[in-house]
Amino acid sequence: QVQLAESGGGSVQAGGSLRLSCAASGAVSIYSRYCMGWFRQAPGKEREWVASIDIDSDGRSSYADSVKGRFTISQENAKKILYLQMNSLKPEDTAMYFCAADPYPGYYCATDVNRYNYWGQGTQVTVSS
C-alpha cells in the first residue's frame, strides 16, 4: 500500500502563487518506476489531469494545456515528496487538488484518472478575482 498526503492549499488572489506538496509513504520504494500526477476537481465537474512526472532518472513531466507555462511539477525523490508550483493563478484554477500514483505506468505517464491506483485526500485551492 502507498499513502499520499497533500498540503499547501489555500486562498490567493488572481496572479498569485502557491506550492502544493504531496508526501508519499508506505510501499513506494518497491516500485522500480512509477508515475506521480496532480489532478483537480472543481464543484460539479469531473476530476481532471493537471500534470504528471515519471519517477525515475528520466523525470519526464507533462502538463495539461490549461496550466502549461504556469505550473511546474517536481519531485524530491529521496524524501518521496511531490510538488506542484503554481504561478499566475486564475480563478478557474479553483478546485480541490489531488496527488496520485500509478505504479504500473506505460512508456508515458497516463493522463487518465482511472490509471492511478493511489490517491491523497486532496487540498483546496481557491483563487479570487
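- Residue pairs that meet the disulfide (SG to SG under 2.5 Å) test with at least one member in residues 90-129, sequence neighbours left out, are Cys22-Cys99, Cys35-Cys109.
- Listed by first and then second residue, the salt bridge (charged side-chain N to carboxylate O under 4.0 Å, His left out) pairs that reach into residues 2-27 come to none, sequence neighbours excluded.
- Rounding to the nearest 0.5 angstrom, the gap separating the OG atom in Ser129 from the CD atom in Gln13 is 9.0 Å.
- With sequence neighbours excluded, no residue satisfies side chain to side chain donor-acceptor pair (under 3.5 Å) with Asn117.
- Salt bridge present: Lys68 and Asp65 bring a charged side-chain N and a carboxylate O closer than 4.0 Å.
- Of all heavy-atom pairs between Arg33 and Pro105, the closest is NH1-CG, 3.3 Å.
- Alongside Tyr83, the hydrophobic cluster contains Ile81 (criterion: ILVMFWY side chains under 4.5 Å).
- The hydrophobic clustering, which links ILVMFWY residues whose side-chain heavy atoms are closer than 4.5 Å, places Tyr108 and Tyr116 apart.
- In this structure, the separation between CD on Gln75 and CG on Leu84 is 13.5 Å, given to the nearest 0.5 Å.
- Residues Asp93 and Met86 are not in side-chain contact: their nearest non-hydrogen atoms beyond the backbone lie 4.5 Å or more apart.
- Annotation: side chain of Trp119 is in contact with side chain of Arg47 (closest heavy-atom distance under 4.5 Å).
- Residues Val127 and Lys90 form no side-chain contact, since every pair of their non-hydrogen atoms from C-beta on lies 4.5 Å or further apart.
- Because its NZ or CZ atom is both nearer than 6.0 Å to the ring centre of Tyr107 and within 45° of the ring axis, Arg60 counts as a cation-pi partner of that residue.
- Both Val12 and Val125 are members of a single hydrophobic cluster when ILVMFWY side chains are connected at heavy-atom separations under 4.5 Å.
- Between Thr72 and Tyr63, some side-chain heavy-atom pair lies under the 4.5 Å cut-off.
- Annotation: side chain of Ser25 is not in contact with side chain of Lys80 (no heavy-atom distance under 4.5 Å).
- How far CG of Asp102 is from CE of Met36: 10.5 Å, rounded to the nearest 0.5 Å.
- For the side-chain contact (heavy atoms from CB on, under 4.5 Å) criterion with Tyr97, the lone passing option out of Gln124, Arg40, Gln41 is Arg40.
- Geometrically, Arg115 does not engage Trp49 in a cation-pi contact defined by less than 6.0 Å to the ring centre and at most 45° from the axis.
- By the rule that hydrophobic residues join a cluster once side-chain heavy atoms approach within less than 4.5 Å of another member, Phe98 and Val113 end up as members of one cluster.
- Legend: residues meeting side chain to side chain donor-acceptor pair (under 3.5 Å) with Ser62, ordered by chain and number and at least two apart, are Ser52.
- Checked options Leu20, Leu18, Leu89; the residue passing with Phe71 is Leu89 (criterion: side-chain contact (heavy atoms from CB on, under 4.5 Å)).
- Under the 4.5 Å side-chain contact rule for hydrophobic residues, Ile73 and Phe39 do not share a cluster.
- Contact record, Ala14 with Pro91: CB-CD, 4.1 Å, taken as the closest heavy-atom pair.
- In this structure, Ser74 has no side chain to side chain donor-acceptor pair (under 3.5 Å) partners at least two apart in sequence or on a different chain.
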